[in-house]
Protein chains: 2
Amino acid sequence: MTKRADARRNEKALLDAAAAAFVESGVDAPVRDIAAKAGVGVGTIYRHFPARSDLIVAVFRHQVQECAAAGPELLASSTSPHEALRRWIDLFADFLVTKHGLPEALNAGDLHAYFLERLVPVCAEIVGAATEAGQIVPGINPVGLLRGVGNLCIGAGRDDGYDARQMIGFLIEGLRKD
Amino acid sequence: MTKRADARRNEKALLDAAAAAFVESGVDAPVRDIAAKAGVGVGTIYRHFPARSDLIVAVFRHQVQECAAAGPELLASSTSPHEALRRWIDLFADFLVTKHGLPEALNAGDLHAYFLERLVPVCAEIVGAATEAGQIVPGINPVGLLRGVGNLCIGAGRDDGYDARQMIGFLIEGLRKD
DNA sequence: GAACCATACGGAACCTTGTTCCGGTTAGCA
DNA sequence: TGCTAACCGGAACAAGGTTCCGTATGGTTC
């Protein structure tokens, strides 16, 4: 059941256009703009991506995968589970901080679903290792931690005096069992 | 230059209606709904409150004042500056967590302006005291801290596994200079 | 208490943004 | 070449914020 050639072409054009639009205007870029940039009608967007959020997910899927894949590697290569946690969270934050509007969008609905589904198991593994090693307080919920870090990334692009990474650093430090 | 009686009456009706709407639907309650609940046209809202955000600010002004006022008191009555900081941040978080949609709204524009203007000096004072006492790491930006805590309150109403207060607790703990 | 007008009001209309719908077009195959 | 299932474009709809302007009225003056 292979797709028609024009459909495949349009889907790629849309992904490219969306990626470009997200870079220059943030993930809030209007659907019409993306359609125009791809040389396509809005209807075509909605056939390929039933909702705006599906387009966002599609654009960032690769990077989420990479972030997920990095988890086990960091756990193996770090000097301690807490160090691995810190480094992995940094990776996650780096990803979010560079995508204008993504952290806020993450709080509403479907993005949430995919991102968390993919990253929670990884986070859980690292948190579990750190807990077992007695390096962080027990009972930390991986979902909650991920959401917290995601929230801290909100507004990180603006030039006011907000340093998301610093705050995330404090949060991770506060997890320590001392 | 005193306002006309009907204008004053309508302003109060609007504030009451907005407060009620915010409680039952969150601060995202549509302007039209608020107008209807107050028995007033939308035009009237915009004469009294040039933008939606001004209405939100007006509704919560009192509580922000109270929170600001509590700062010095806590500093005086607590056993240590870090303890005062923790308690004051808890107060701030309690305020935010109980207002559906307020934390997210805080990130966009004008709310920001008023809330921060009022609370930053207070936060700065407590942070300064804790810093001088050598209880937290030096160089913490009060604006950043407030924004971070505000961000952590986002999505705190939902029944998924996110505990904003716990995350805030970790953040404050991570500020410690050990 | 009548007349006047600055002030205030209501709500239709406008703009933007997401989403749906459907008549027209076309790729791929017989 | 013709057929048709798959696909496309964009007008139309819904919802929410904001603006505009003709109408109504509180308060003041005589």
Side-chain angles (χ1 to χ4, degrees), chain A residues 1-18 20-22 24-59 100-102 104-114, chain B residues 1-18 21-22 24-59 100-102 104-113:
Chain A
M1 222 355 172
T2 174
K3 268 182 174 166
R4 248 168 63 170
D6 54 349
R8 230 168 1 212
R9 200 178 335 122
N10 280 332
E11 180 164 339
K12 180 168 186 333
L14 276 171
L15 283 171
D16 290 349
F22 291 167
E24 69 179 62
S25 324
V27 299
D28 297 319
V31 172
R32 284 164 189 34
D33 291 1
I34 298 172
K37 195 177 298 230
V40 149
V42 275
T44 301
I45 287 199
Y46 282 89
R47 194 155 326 89
H48 289 283
F49 307 98
R52 214 189 122 62
S53 58
D54 295 312
L55 180 55
I56 301 180
V57 167
V59 166
H100 293 173
L102 220 210
E104 25 279 81
L106 225 44
N107 265 297
D110 311 318
L111 286 199
H112 208 199
Y114 173 74
Chain B
M1 220 5 163
T2 173
K3 268 182 175 167
R4 246 169 60 171
D6 54 348
R8 230 168 359 206
R9 201 180 332 126
N10 280 331
E11 180 165 339
K12 181 168 185 336
L14 276 171
L15 283 172
D16 290 348
F22 292 168
E24 69 179 63
S25 326
V27 300
D28 298 319
V31 172
R32 284 164 182 52
D33 290 2
I34 298 172
K37 197 177 297 232
V40 150
V42 276
T44 300
I45 286 200
Y46 282 89
R47 194 157 325 91
H48 289 283
F49 308 97
R52 213 191 123 62
S53 58
D54 295 312
L55 181 54
I56 300 179
V57 168
V59 166
H100 293 174
L102 220 210
E104 24 283 81
L106 225 44
N107 266 297
D110 311 317
L111 287 200
H112 210 199

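Residue numbers begin at 1 in each chain, while the letters A, B, ... track the order of the sequences.
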Between Lys37(B) and Asp33(B), does at least one N-O distance fall below 4.0 Å, as a salt bridge requires? no
Phosphate contact (dC7(D) OP1 or OP2) by His48(A) side-chain N/O below 4.0 Å: no
Nearest-Å distance, OH (Tyr46(B)) to P (dA12(C))? 16 Å
Pull out every residue in residues 24-37 of chain A that has a heavy atom closer than 4.0 Å to any atom of DNA chain C, ordered by number, or say none. Pro30(A), Val31(A), Arg32(A)
What pairs of nitrogen or oxygen atoms, one from the protein and one from nucleotides 23-27 of chain C, lie under 3.5 Å apart?
| from | atom 1 | to | atom 2 | distance (Å) |
| --- | --- | --- | --- | --- |
| dT26(C) | O2 | Arg4(A) | NH1 | 3.2 |
| dA27(C) | O4' | Arg4(A) | NE | 3.4 |

Is there a side-chain contact between Leu102(B) and Phe22(B) (heavy atoms, below 4.5 Å)? no
Partners of Glu11(B) by side-chain hydrogen bond (donor to acceptor under 3.5 Å, both in side chains), sequence neighbours excluded? Lys3(B), His48(B)
OP1, OP2 of dA8(C) versus side-chain N and O of Thr44(B): anything below 4.0 Å? no
What's the CG-C1' distance between Leu55(A) and dT17(C), to the nearest Å? 15 Å
Tell me which of Val42(B) and Gly41(A) sits closer to the 5' end of DNA chain D, going by the nucleotide each one is nearest to. Gly41(A)
At less than 4.0 Å, is any side-chain N or O atom of Asn10(B) found next to OP1 or OP2 of dC9(C)? Yes or no. yes
Under 4.0 angstrom, heavy atoms only, what part of the nucleic acid is Arg47(B) near: base, sugar-phosphate, or nothing? base
